[in-house]
Amino acid sequence: MDDAHASLPEVPGKDFIREILDEDRRTGKHAGRVATRFPPEPNGYLHIGHAKSICLNFGVAREYGGTCNLRFDDTNPLKEETEYVDSIQEDVHWLGFDWQDRLFYASDYFGKLYDFGETLIRSGKAYVCDLTADDVRAYRGTLKEPGRNSPWRDRPPGESLELFRRMRAGEFPDGSRTLRAKIDMASPNINLRDPALFRIRKAAHHRTGDAWCIYPMYDYAHALSDWIEGITHSLCTLEFEDHRPLYDWCLEALDLPNRPRQIEFARLNLTYTLLSKRKLLQLVTGGHVTGWNDPRMPTLAGLRRRGFTPEALRDFCNRIGLAKRDGVVEVELLEHCLREDLNRRAQRVMAVLDPVRVVLTNYPEGKVEELDAVNNPEDAAQGTRKVPFSRELFIDRDDFREVPPPKFHRLSPGQDVRLRWGYIIRCEEVVKDPATGAIVELRCTYDPATRGGDAPAGRKVKGTIHWVSAAQALAVEVRLYDRLFSAPNPDEAPEGNNFLANLNPSSLVVKAGCRVEPSLGSAKRGEVFQFERVGYFIVDPDSGTDSSSGGLVFNRSVSLRDTWGKIEKKARGA
RNA sequence: UGGGGAGUCGACAAGUGGUAAGUCAGCGGUCUUUGGAACCGCCUACCGGAGGUUCGAAUCCUCCCUCCCCAGCCA
């Protein structure tokens, strides 16, 4: 692409952040340099909300010839773990972005952050406060009433300095003291009422071990880490909007040059989905899902296992736009992006999820034909494959109706239907279990003149269904996933309940004994297929290593658009 | 009711004084060896409300209404 030309002119439709970037470049701010960062806290797995931020930060850096750092915001040893830093790196790479040699940790800067603390104390802009957490809360005031000064607020810098050093040396217990910024206890912005800069926490840190027992707070660490890395534009979500004055205060109080600018945008919300790390953790620890990578989870790890592609996710992030108004994106858009991507790439294959036996009474016993099937009508380059055809087949139970409803184009007594890439058949007899009345077999005849599914001139067959040859088909397990929550807003629960009450009881339906065409015997884990007329499916890692003997497990990524389903639903409703 | 934000079609989102893009969803149709895909239509938004400025306003001014965020030694 000619991105040099595409990004320079003022094209209408640019989001507000890119407009700011354009303006800054025009005015020569930061010498036209653009440096962003993606700053996750390693306290959970990345989810699709983070994908929006990743695509923004890395995307903007790429478009403006700048850089984007990956920085772990690891200032709270109580919640952070190495497992999370590993998964985050894997997920960012998988999404398609690279921080090259710019992998950083806020904990890399603990020494500098400490020194900045001493500087603030010396200049009278910070003090050591002996108030307990409860005291601080009491002194803080309320949204409407101003707070009161801490009795330690005017402690001489020399005394604060000594205390701060002793805090660092581990001489005081957790929670006994903090280093606080001296700003304004009467500020209408509560974040400015002498916020804590450092707290005592005698806990092992996943990277620095027990080298430190005081840890910097987010606002302080974040602003200064941005500055240390030479970040020019610090993009974050709306809830940090009223932290911006504090972000700026930290940089100004230290009189730092070339200050980064914090810009806030609306975080992603998705219908039928929870995007809160805390609640996702709860789903994991509570056993409501099998783990962070459960295919029903909105985590990148879960989406990946569900069959989402990085391309589909990036496309989604581009389509949802970027603005300051908070809203809720419908999951249907996400599903659309997946279908659109998979439609052009996924190989077609035939799979019968709920098999019912079909016997072709006029087809020779023991005969097996190899018929040609097109792998992907959207992409001729994907070629063709052979599928075996014989006297005994399986079709989906759903594709037969003893008494067909209006507009039903599939198999029913006396009716013709085309077997995809096979023959046109007609149902002559329905065999039922005398005890239960359940259909156990359909006895049909085939038309030898229609090999490959070709209808002779003038003959029209309304329906085409998928099938597998009984003897050659592979038995597999199929996991039908659906949305995890049955309410558009999972948090909107009946009185006395929480989001757990909205868990969708049928978010996972496991179907054993499904039959797929034998070509799938060579399918690899992570490969995605379209089961014709059904949906897109990915080979799950749970699949046995020896897939030729079965043991294949497929996850439904997303179903195909189901027009017939809508017709039926409407008929039922009317 | 202190402070900070935001309100444009069911959803997301362009529009930055000249008379409302696009996408998803929905609806109808064409086509079709996936009731898939593709293609074609429709979805007739008076732009939160009321005033005002102007030849002309979603865009400027005034007042009002609604929604979101903030009282962690979390991020």
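Fair warning: this is a prediction, and the values are worked out from it, not measured in the lab. Proteins get letters first, then strands, A, B, ... in listed order; numbering begins at 1 in each.
Residue A/Arg344 places no side-chain N or O under 4.0 Å from the OP1 or OP2 atom of B/A37. For the OP1/OP2 pair of B/G2 and a distance below 4.0 Å, the side-chain nitrogens and oxygens of A/Thr142 include no atom meeting the criterion. In this structure, A/Thr464 does not reach the B/U32 phosphate: none of its side-chain N or O atoms is under 4.0 Å from OP1 or OP2. Neither OP1 nor OP2 of B/G72 sits under 4.0 Å from any side-chain N or O of A/Arg199. Contact check, A/Arg140 against B/G72: a side-chain N or O comes under 4.0 Å of OP1 or OP2.
Electrostatic pairing of A/Asp184 and A/Arg193 does not count as a salt bridge here, judged by no charged N lying under 4.0 Å from a carboxylate O. A salt bridge links A/Asp416 and A/Arg426; the closest N-O separation between the charged side-chain nitrogens and carboxylate oxygens is under 4.0 Å. A/Glu229 and A/Arg37 are not joined by a salt bridge, as no carboxylate oxygen comes within less than 4.0 angstrom of a charged side-chain nitrogen. Checked for salt-bridge contact, A/Arg385 and A/Glu517 meet the test: a charged N lies under 4.0 Å from a carboxylate O. Checked for salt-bridge contact, A/Glu23 and A/Arg261 miss the test: no charged N lies under 4.0 Å from a carboxylate O. A salt bridge between A/Asp396 and A/Arg410 is absent, with no side-chain N of the basic residue lying under 4.0 Å from a carboxylate O of the acidic one. Between A/Arg207 and A/Glu80 there is no salt bridge, since none of the side-chain N atoms of the basic residue sits less than 4.0 Å from a carboxylate O of the acidic one.
Syn is the classification of B/G72, since its glycosidic angle stays within 90° of 0.
Two rings, from A/Tyr84 and A/His206, have their centers 6.0 Å or more apart. In this structure, A/Tyr220 has its ring center no closer than 6.0 Å to that of A/Phe116. Proximity of the aromatic rings of A/Phe240 and A/Tyr218 is defined here by a centroid distance below 6.0 angstrom, and this criterion is met. Between A/Phe389 and A/Tyr423, the distance from one ring center to the other falls under 6.0 angstrom.
Separating the C1' atom of B/G3 from that of B/A71 is a span of 12 Å, rounded to the nearest Å. The separation of B/G15 from B/C31, taken at their P atoms, amounts to 40 Å, rounded to a whole angstrom. Taking the C1' atom of each, B/A45 and B/C63 are spaced 26 Å apart, rounded to whole Å.
For a distance-only test at 3.5 Å, the side chain of A/Glu568 fails to qualify as a donor-acceptor partner of the base of B/G35. Counting distance only, with no hydrogens placed and no angle test, the side-chain atoms of A/Asn189 and the base atoms of B/G4 include no donor-acceptor pair under 3.5 Å. A donor and an acceptor atom sit less than 3.5 Å apart, one in the side chain of A/Arg410 and one in the base of B/G35.
Within 4.0 Å (heavy atoms only), A/Leu143 reaches at least one base atom of the nucleic acid. Using a 4.0 Å heavy-atom cutoff across all strands shown, A/Val328 reaches sugar-phosphate atoms only and no base atom. Within 4.0 Å (heavy atoms only), A/Pro377 reaches at least one base atom of the nucleic acid. At a threshold of 4.0 angstrom between heavy atoms, the contacts of A/His222 with the nucleic acid are absent.
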Subject >> Protein-to-nucleotide contact annotation, 5' to 3' order, nucleotides 20-29 of chain B [B base; S sugar-phosphate only; - none; under 4.0 Å, heavy atom] >> reply: ---SBSSSS-
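Ring-base stacking between A/His409 and B/G35 is satisfied, the centre separation being under 5.5 Å and the plane angle under 30°. An aromatic stacking contact links A/Trp564 with the base of B/G35, defined here by ring centres under 5.5 Å apart and ring planes under 30° from parallel.
Residues of residues 173-184 of chain A that place a heavy atom closer than 4.0 Å to RNA chain B, in numerical order, are A/Gly175, A/Thr178.
Listed nucleotides B/G3, B/U34, B/A13 differ in distance to A/Arg348; the shortest reach to its side chain belongs to B/U34. Taking the side chain of A/Ala133 as heavy atoms from C-beta on, and the options B/U16, B/C73, B/A71, the nearest nucleotide is B/C73. For A/Asp326, the listed nucleotide lying nearest its side chain is B/C68; candidates were B/C73, B/C68, B/G36. Taking the side chain of A/Glu378 as heavy atoms from C-beta on, and the options B/A75, B/U33, B/G36, the nearest nucleotide is B/G36. Looking at the side chain of A/Arg325, the nearest of the listed nucleotides B/A14, B/A75, B/A71 is B/A14.
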